[in-house]
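Please read the structure below before turning to the comments.
Chain A is the first sequence line, chain B the second, and so forth, proteins listed ahead of strands; every chain is numbered from 1.
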Amino acid sequence: MSPEPTVAEVRRRLSAKPEMVFSAFADAHMVSRWLRPAPEIKLTVLAFDFRVGGAYRFAYHVPGGQVMIVNGIYRSIEPPSRIVFSWNIEPPDEHAGLQSEVIVAITPERDGCELHIRHAQLTQSGAVQRHSGGWRGALDQLAALLSNAAA
Amino acid sequence: MVHALARGGARSAGELGRHFRSAQPTISKHLKVLERAGLVERTIEGRVHRFRLRQKPLKDAERWIARQQAFWTGAVDQLDRLLQEVSRGES
């Protein structure tokens with residue numbers, strides 16, 4: 001079992017300059033054109049205050065009429081290389097209430113850059129959330145136990 | 001221990017102790033941590049405490065990761081396409 005099971009991560013080599021990739025996160029119109037899981041899901045930007053402490057709110061319109069709403073706060077902005085923001089899915093979604101954070105890192109490379117998006121869940125819902133460090137601590141314990149059992 | 005619980009359904013701390021060749025207080029301590037984390041649930045029958053794996057928290061976490069992984073992979077595909085369109089438009 002991985003010691004950090006609640007992390008989603010994507011790395012991609014892009015041919016655009018870091019400044020260009022950064023602007024794709026920093027501009028509401030640009031964001032609305034790509035920050036969605038598939039082209040058939042339409043993104044409406046409901047709020048967009050791109051500065052440290054500023055909030056965003058995105059509505060995702062899934063074919064069939066369902067809407068998913070995500071909101072968050074920009075925690076850190078370092079043009080053109082790093083953006084950190086919180087990510088909360090609003091009710092009635094099954095993952096509503098989970099606190100998570102997205103870290104975007106843009107590293108210059110020859111003829112472009114590498115984009116690294118790391119989305120980590122900070123706490124677990126329900127019983128686990130009430131015990132600080134419970135989830136991570138328990139998984140560390142689990143990993144130790146399982147490696148002992150294998151030895 | 002999670003594997004032992006997953007295979008055997010509800011187990012007592014003594015049974016788990018024999019399985020891992022560990023002293024019962026050690027096993028009880030680990031079980032308490034897993035129980036606090038919501039990964040394991042305890043039922044009490046007389047003097048015997050039985051422990052059972054709760055599948056839901058692990059499954060929830062897996063689903064969340066799979067969903068966000070798909071979200072960002074799809075989004076980066078579209079970002080890549082958009083950036084290429086923009087650069088073609090500029091040139």
Checklist entry - Listed by residue number, which members of residues 29-55 of chain A have a heavy atom under 4.5 Å from any heavy atom of chain B? => result A:M30, A:R33, A:W34, A:L35, A:R36, A:P37, A:A38, A:P39
Next on the checklist: Test of understanding: clusters of I, L, V, M, F, W, Y form through side-chain heavy atoms closer than 4.5 Å, transitively. Do A:V21 and A:I77 belong to the same one?
Outcome noted: yes
Next on the checklist: Does any backbone or side-chain atom of B:L83 lie under 4.5 Å from a heavy atom of chain A? Answer side chain, backbone, both or neither.
Outcome noted: side chain
Checklist entry - Do the two ring centres, one from A:W87 and one from B:W72, sit under 6.0 Å apart? => result yes
Checklist entry - Would you say A:L115 and B:V76 make side-chain contact, with heavy atoms under 4.5 Å? => result yes
Next on the checklist: Quick check for you: among B:L82, B:T73, B:D80, which has the greatest number of heavy-atom pairs under 4.5 Å with chain A?
Outcome noted: B:L82
Checklist entry - Once you round to the nearest 0.5 Å, how far does CD of A:E94 lie from CH2 of B:W64? => result 12.0 Å
Next on the checklist: In the structure I gave you, are the side-chain heavy atoms of B:I65 and A:Q121 within less than 4.5 Å of one another anywhere?
Outcome noted: no
Item to check | Among the listed options B:Q69, B:Q78, B:R81, the residue most often paired with chain A at heavy-atom distances under 4.5 Å | outcome: B:Q78
Item to check | Heavy-atom proximity to chain A below 4.5 Å, by part of B:E35 | outcome: neither
Item to check | Contacting moiety of B:R67, where chain A heavy atoms sit under 4.5 Å | outcome: side chain
Checklist entry - Would the number of heavy atoms belonging to other residues, nucleotides or ligands and lying under 6.0 Å from CZ of A:R12 be above 12? => result yes
Checklist entry - Nearest 0.5 Å, what's the CD-NE2 distance between B:Q68 and A:H95? => result 8.5 Å
Checklist entry - A:E9, A:H119, A:M20: which one forms the most heavy-atom pairs within less than 4.5 Å of chain B? => result A:H119
Item to check | Same apolar cluster (I L V M F W Y, side chains within < 4.5 Å links), A:M68/A:Y56 | outcome: yes
